[in-house]
Amino acid sequence: MRGSALSGFDGSLEDEILKTVETPIVVLDRNGAVVRFNEASERLTGFAATEILDRKIWEFLILDEEIEAVRTIFEETCGASTPTHFVNYWKTKKGERRLIEWSNQRLNDEEGEVAYILATGIDITESKSREVALSESKAFLRSIIDASPVAVITIDDKGNILTFSHEAEKTFGYEEAELLGSNINALMPEPDRSAHDGYIRGYLETGEHRIIGKARAVKAQRKSGEIFPAILHVTEFADGSRVFVGFVEDVSSQAAIESRLKETQVQLQHAGRVGEMGEMATSIAHELNQPLTASASLAGAAALTLKKVDFSGRDGVIALLDDAVGEIRRASDIIRQMRDFVRKRKTAKSLHDINKVVEEACAIAVIGAEAEGISVKTDFQANAGAAQLDRTQIQQVVTNLVRNAIDAMHNSPKKELTISTERRNGLIEVKVADTGFGIPKELKSRLFEAFVTSKEDGLGVGLSISKSIIDAHRGDLLVADNKPSGCVFIFRLPPEAHDDAEQNP
Ligand code: ADP
């Protein structure tokens, strides 16, 4: 049967060819039954030609779910004058799958009727799985890029955008589709916008780079036109062609924090008038000394004059007393000036989150503490809350307490500064604790009075001003021993009424 049916396929040359080719070749009759199954097919499937001859191909080699499609293409090939192409799996004897790409050719008998179908295949199992792996790894890479918390943008060597991550969309306000293929310079303001193509060209020509591999502060521009500060990091890789990957971090909110810190610093410097008062107090003492001494001697002279009680001397006494009154007024003017100086700012209360206020003050007050070997800890409880307060004044209090604590640990063996906030018994509580030697005994009872100090260069007004600030906020300032050493200054403030309900149900 084989000989007669396979005219053109029974010669020894054809047999040799079928034997030696590495690709599977199968000949089916008009009903789909196997009439030739070459060696490569045997190796691939594990079936010997003898086992399967005369069996229809879809009865043993085709996956159930593909039988329908294979029969359809078989019929199509029977009716076609040109080859048909198809890709389907072969199920091996062991049950494994091989993916084969087929080219099917109809062979005619002498009457021109279809006699056989010659199917020549290429096993593409491995290359397909590589292709799938590649597209999976591309998808994987894309998902990493899209999960990145910074904007990731890739461009080609002409500056054209290839990918634009989710975060990039959020940062710049463009959709990826709007920008693909556009020049990256749309995302930067002048002068970089016009110069950017030149930067890339320069790099490609000379290999000299100004930015690759380094983080750099740049200005970027959103779709809205808003220009914002960003940190840009660029890396390059060659994926057949050159691709540059830019990581762009929007630091505008960080920049805002920094400028707020600066502003706070300026305000604290203003509040730092308390420090300037050291110098001022010396001159005030000197200034006050004169009118007070003068008025004392004037009053003394008036008394002496009165003792002699010479009626005719009355005008002289009055003149002396007038002078004394004048000097006393001068003294009180000086005191008033001093008070005005300290109270330069009127109390300006508004609602503030205590943690923010304390944190900002600490950021500046602890400068230099580490250089003194002090370890600084903070513990700001999220439930501490908000209060109506004068931010600068409260920060002045925190600064005073922190500076005192740092001073107190100058010579102490253990140097730990802890600043904390919490809500306790319905009040906002701020604590500044140190591990110094504690409050000198002799000062304890007068600690919050003005001009009480144990420091050589101290003025002794920090705590008294702090106390008056806290009093003005309807709070209280107190001190306690810290365990095992040092002391804790605590101030408590009434929280904002409506946040009371929220935080203390
Ligand atoms: P000054 O710091 O100019 O002396 P203060 O009113 O701020 O003025 O402080 C008064 C005094 O209280 C200090 O001189 C010091 O003796 C004492 N004192 C304040 N804070 C502490 C502290 N954390 N530990 C020990 N003593 C302190």
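In this chain, numbering begins with 1 at the start of the sequence shown. All ligand and atom numbering here is 1-based and tracks the order in the structure. Both backbone and side-chain heavy atoms feed into the values below; hydrogens, waters and symmetry mates do not.
Within 6.0 Å of the CD atom in Glu449, the count of heavy atoms belonging to other residues, nucleotides or ligands exceeds 12.
For Arg98 and Glu126, the salt-bridge test passes: some basic side-chain N is under 4.0 Å from an acidic carboxylate O. A salt bridge is absent between Asp192 and Lys219; no separation between the charged side-chain nitrogens and carboxylate oxygens falls under 4.0 Å. For Glu65 and Arg97, the salt-bridge test passes: some basic side-chain N is under 4.0 Å from an acidic carboxylate O. Salt bridge annotation for Lys170-Glu167: present, with a cationic side-chain nitrogen under 4.0 angstrom from a carboxylate oxygen.
Interface of Thr453 with ligand 1, defined as ligand atoms under 4.0 Å from a residue heavy atom, comprises 1 (P), 4 (O), 14 (O). Atoms of ligand 1 found under 4.0 Å from any heavy atom of Gly462, numbered from 1 in the order shown, are 5 (P), 6 (O), 7 (O), 8 (O). Of all atoms in ligand 1, numbered sequentially from 1 with element shown, those under 4.0 Å from a heavy atom of Gly438 are 25 (C), 26 (N).
Closest heavy-atom approach to atom 9 (O) of ligand 1 among the candidates Asn482, Val488, Leu463, Leu417: Leu463. Distances from atom 23 (N) of ligand 1 to the heavy atoms of Asp434, Ile465, Leu447 put Asp434 nearest. Taking all heavy atoms of Val479, Ile439, Asn404, Val452 into account, the minimum distance to atom 27 (C) of ligand 1 is reached by Ile439.
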Atom pairs and distances, side-chain donor-acceptor, residues 478-495, under 3.5 Å, sequence neighbours left out:
| residue | atom | partner | partner atom | Å |
| --- | --- | --- | --- | --- |
| Asn482 | ND2 | Asp434 | O | 2.7 |
| Arg492 | NE | Asp476 | OD1 | 3.3 |
| Arg492 | NH2 | Asp476 | OD2 | 3.0 |

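Contacts between Asn400 and ligand 1, counted as non-hydrogen atom pairs separated by less than 4.0 Å, are absent for every part of the residue. Contact annotation for Leu443 and ligand 1: only side-chain heavy atoms (C-beta onward) come within less than 4.0 Å of the ligand. When heavy-atom distances to ligand 1 are checked against a 4.0 Å cut-off, Leu401 has no atom that comes that close, whether in backbone or side chain. For Ala408, every heavy-atom contact with ligand 1 shorter than 4.0 Å involves the side chain, none the backbone. Heavy atoms of Phe489 found under 4.0 angstrom from ligand 1 belong exclusively to the side chain.
Here the CG-CD distance, from Leu417 to Glu372, works out to 11.0 Å after rounding to the nearest 0.5 Å.
Distance alone, capped at 3.5 Å, places no donor-acceptor pair between the Lys91 side chain and the Leu63 backbone.
Residues that satisfy the salt bridge (charged side-chain N to carboxylate O under 4.0 Å, His left out) test with Asp197, not counting sequence neighbours, are absent from this structure.
At a 3.5 angstrom cut-off on N or O pairs, Ser454 counts as close to ligand 1.
Under a 4.0 angstrom heavy-atom cut-off, Cys487 registers as being in contact with ligand 1.
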